[in-house]
Enquirer: 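Sharing a structure with you now.
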Amino acid sequence: MLTPFTKRALQVIKGIPEGKVLTYGGVAALAGNPGGARQVSRLLHSMSEKYDLPWHRVINAKGKISLKPSQGYELQRALLESEGIGFSKNDTVDLSVYLWDGVPRC
DNA sequence: CCACTGACTACTT
DNA sequence: CAAGTAGCCAGTG
C-alpha cells in the first residue's frame, strides 16, 4: 500500500503539462510533503513505468538533470526539448520560464 | 518491523 | 562557485 503522499505525488507528476517542468521538491511540496524530494526520486525510479509517469518532466532544484550521461540524461533532455523546453548553455532548464506552479490557469 | 538506499535540498566551509 | 555535511521520508528486501 502506498502512502497518501505517494499517490498524490503521482497525480501531481501526471498533471504536469507539456512544456513545463517541476523540481523534486516542487512535486513533494505539492504532494503535501515538503522535504520529501528524495521520495519523489524513488517514485520516478521505481514506479514511473507502472504508473505511466512523465518522469522526464521532473528535474532537480537547480533546473538540471540529476541523471548522469548513459543513465538516461540524454533521453530526458531529448524528451524535454521535444516538448518545447529549452536548455541554457549550462545544460540547465530555465526554471523561471518552465517551472510549473502546479496551478493550472482557470 | 528493521536496515539500507536513494534521479534531493539547504546550509556551511 | 565547488565540495562536504546533515536532514529529510518512503519503497524494497
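In what follows, chains carry the letters A, B, and so on, assigned in the order in which the sequence lines appear, proteins first and then strands, with residues in each chain numbered from 1. A quick note: this is a predicted structure, and the numbers were derived from the prediction, not measured.
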Enquirer: Could you list all the salt bridge (Lys or Arg N to Asp or Glu O under 4.0 Å) pairs where at least one residue sits in residues 37-49 of chain A, not counting sequence neighbours?
Expert: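 Every candidate salt bridge (Lys or Arg N to Asp or Glu O under 4.0 Å) pair involving residues 37-49 of chain A fails, so no pair, neighbours aside, qualifies.
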Enquirer: Rounded off to whole Å, could you give me the CD-to-P distance for the A/Glu49 and B/dA7 pair?
Expert: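 Distance check: A/Glu49 CD to B/dA7 P gives 15 Å.
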Enquirer: Between C/dT12, B/dA10, B/dA7, which nucleotide gets closest to the side-chain atoms of A/Ala61?
Expert: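 The nucleotide sitting nearest to the side chain is B/dA10.
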Enquirer: So, using side chain to side chain contact (heavy atoms under 4.5 Å, CB included) as the criterion, who are the partners of A/Glu18 when residues are at least two apart?
Expert: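 For A/Glu18, the residues satisfying side chain to side chain contact (heavy atoms under 4.5 Å, CB included) (neighbours in sequence not counted) are A/Arg57, A/Glu83.
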Enquirer: For residues 71-80 of chain A, tabulate all N or O donor-acceptor pairs below 3.5 Å that involve a side-chain atom, not counting sequence neighbours.
Expert:
unit_1	atom_1	unit_2	atom_2	d
A/Gln76	NE2	A/His56	O	2.8
A/Gln76	NE2	A/Val58	O	3.0
A/Arg77	NH1	A/Asp91	OD1	2.6

Enquirer: Protein-nucleotides 2-5 of chain C N/O pairs closer than 3.5 Å?
Expert:
none

Enquirer: Could you give me the CA-CA distance, side-chain angles and deciding distance for A/Val21 and A/Ile16, then say whether side chain to side chain contact (heavy atoms under 4.5 Å, CB included) is met?
Expert: CA-CA 7 Å; A/Val21 296; A/Ile16 302 174; 5.9 Å; no
Enquirer: When you measure only distances, ignoring hydrogens and angles, does the side chain of A/Arg38 come within 3.5 Å of the base of C/dG11 through a donor and an acceptor?
Expert: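 Answer is no: no donor-acceptor pair is held.
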Enquirer: Give a yes/no on whether any side-chain N or O of A/Ser66 is located under 4.0 angstrom from OP1 or OP2 of B/dC8.
Expert: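 Answer is yes, contact under 4.0 Å.
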Enquirer: Which nucleotide wins on minimum distance to the side chain of A/Asn33, given the candidates C/dA10, C/dC8, B/dT9?
Expert: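 Comparing C/dA10, C/dC8, B/dT9 against the side chain of A/Asn33, the answer is C/dA10.
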Enquirer: Below 3.5 Å between N/O atoms, which protein atoms pair up with nucleotides 11-13 of chain B? Just atom names and distances, please.
Expert:
none

Enquirer: Enter the distance from A/Ile85:CD1 to A/Ile59:CD1 here, rounded to the nearest 0.5 Å.
Expert: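 If we round to the nearest 0.5 Å, A/Ile85:CD1 and A/Ile59:CD1 are 7.5 Å apart.
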Enquirer: Using OP1 and OP2 only, check whether a side-chain N or O of A/His45 sits under 4.0 Å from B/dA7.
Expert: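 Answer yes for this pair, as a side-chain N or O of A/His45 is under 4.0 Å from OP1 or OP2.
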Enquirer: Using whole Å, report how far NZ of A/Lys7 lies from C1' of C/dG11.
Expert: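 These atoms are roughly 15 Å apart.
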Enquirer: Apply side chain to side chain contact (heavy atoms under 4.5 Å, CB included) to A/Leu30 and list each qualifying residue two or more places apart in sequence or on a separate chain.
Expert: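 For A/Leu30, the residues satisfying side chain to side chain contact (heavy atoms under 4.5 Å, CB included) (neighbours in sequence not counted) are A/Val12, A/Leu22.
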Enquirer: Can you tell me how far C1' of B/dA7 sits from CD1 of A/Ile16, to the nearest Å?
Expert: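 The distance from CD1 of A/Ile16 to C1' of B/dA7 comes to 14 Å, rounded to the nearest Å.
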Enquirer: Using a heavy-atom cut-off of under 4.0 Å over every strand shown, decide if A/Ile59 touches base, sugar-phosphate, or nothing.
Expert: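 A/Ile59: no heavy atom of the nucleic acid under 4.0 Å.
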Enquirer: Students often get this wrong, so: under 4.0 angstrom with heavy atoms, is A/Tyr73 touching a base, only sugar-phosphate, or nothing?
Expert: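 Contact class for A/Tyr73: none.
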Enquirer: Nearest whole angstrom, please: distance from the P of C/dT12 to the CG of A/Leu2.
Expert: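 Rounding to the nearest Å, CG of A/Leu2 and P of C/dT12 are 7 Å apart.
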Enquirer: I need the NZ-C1' distance between A/Lys68 and B/dC8, as an integer number of Å.
Expert: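 One finds 13 Å between C1' of B/dC8 and NZ of A/Lys68, rounded.
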Enquirer: If you measure from CZ on A/Phe5 to CG on A/Leu10, what distance do you get to the nearest 0.5 Å?
Expert: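 CG of A/Leu10 is found 9.0 Å from CZ of A/Phe5.
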Enquirer: A/Leu22 CG to B/dT9 C1': how many Å, rounded?
Expert: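 Between C1' of B/dT9 and CG of A/Leu22: 15 Å.
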Enquirer: When we call it a touch if two heavy atoms are under 4.0 Å apart, what does A/Gln71 touch: a base, just sugar-phosphate, or nothing?
Expert: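 Contact class for A/Gln71: none.
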Enquirer: Name the closest nucleotide to the A/Asn60 side chain, picking from C/dT12, B/dC8, C/dA10.
Expert: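 Looking only at heavy atoms from C-beta outward on A/Asn60, the closest nucleotide is B/dC8.
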Enquirer: Taking 4.0 Å as the cut-off, does a side-chain nitrogen or oxygen of A/Thr6 come that near to OP1 or OP2 on C/dG11?
Expert: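 True: A/Thr6 side-chain N/O within range (under 4.0 Å) of C/dG11 OP1/OP2.
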Enquirer: Side-chain contact, heavy-atom cut-off 4.5 Å: A/Lys20 with A/Asp101?
Expert: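 Heavy-atom side-chain distance check fails, nothing below 4.5 Å.
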Enquirer: Got a sec, which residues hit side-chain hydrogen bond (donor to acceptor under 3.5 Å, both in side chains) with A/Thr3, two or more places apart in sequence or on another chain?
Expert: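 Counting only residues at least two positions away or on another chain, A/Thr3 forms a side-chain hydrogen bond (donor to acceptor under 3.5 Å, both in side chains) with A/Thr6.
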Enquirer: Under the side chain to side chain contact (heavy atoms under 4.5 Å, CB included) test, which residues partner A/Asp52, sequence neighbours left out?
Expert: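 Partners of A/Asp52 under the side chain to side chain contact (heavy atoms under 4.5 Å, CB included) test: none.
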Enquirer: Could you state the CD-P distance from A/Gln76 to B/dC8, rounded to the nearest angstrom?
Expert: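 Taking atom P of B/dC8 as the reference, CD of A/Gln76 is at 11 Å.
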Enquirer: Please report the shortest heavy-atom distance between A/Tyr51 and A/Lys14, naming the atom on each side.
Expert: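 A/Tyr51 and A/Lys14 have their closest heavy atoms at O-CD, 3.9 Å.
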Enquirer: Can you sort out which residues in residues 80-97 of chain A have a heavy atom within less than 4.0 Å of DNA chain B? Ascending by number, please.
Expert: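 Those residues: none at all.
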Enquirer: In terms of the nearest nucleotide of DNA chain C, which residue is placed more toward the 5' end: A/Ser46 or A/Gly35?
Expert: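 That would be A/Gly35.
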Enquirer: Which heavy-atom pair separates A/Gly36 from A/Ala28 by the least distance, and what is that distance?
Expert: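 Closest heavy-atom pair between A/Gly36 and A/Ala28: C-CB, 3.5 Å.
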Enquirer: Taking only nitrogen or oxygen atoms into account, show me every contact under 3.5 Å that the protein makes with nucleotides 2-5 of chain B, one pair per line with its distance.
Expert:
none

Enquirer: Among the nucleotides B/dT9, C/dG11, B/dA7, which one has an atom lying closest to any side-chain atom of A/Leu44?
Expert: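 Selected nucleotide (nearest to the side chain): B/dA7.
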Enquirer: By side chain to side chain contact (heavy atoms under 4.5 Å, CB included), which residues pair with A/Asn60, not counting sequence neighbours?
Expert: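 Scan of A/Asn60 (side chain to side chain contact (heavy atoms under 4.5 Å, CB included), adjacent residues dropped) gives A/Tyr24, A/Lys62, A/Lys64, A/Ser66.
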Enquirer: Nearest whole Å is fine: how far is C/dA10 C1' from A/Leu10 CG?
Expert: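 Atom CG in A/Leu10 sits about 12 Å away from atom C1' in C/dA10.
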Enquirer: Which listed nucleotide (C/dG11, B/dA7, B/dT9) is nearest to the side chain of A/Leu43?
Expert: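 Among the listed nucleotides, the one closest to the side chain of A/Leu43 is C/dG11.
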Enquirer: Mind listing the closest non-hydrogen atom pair of A/Ile13 and A/Pro54 along with its distance?
Expert: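 A/Ile13 and A/Pro54 have their closest heavy atoms at O-CG, 3.2 Å.
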Enquirer: By side-chain hydrogen bond (donor to acceptor under 3.5 Å, both in side chains), which residues pair with A/Ser96, not counting sequence neighbours?
Expert: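 A/Ser96 satisfies side-chain hydrogen bond (donor to acceptor under 3.5 Å, both in side chains) with A/Asp94 once adjacent residues are dropped.
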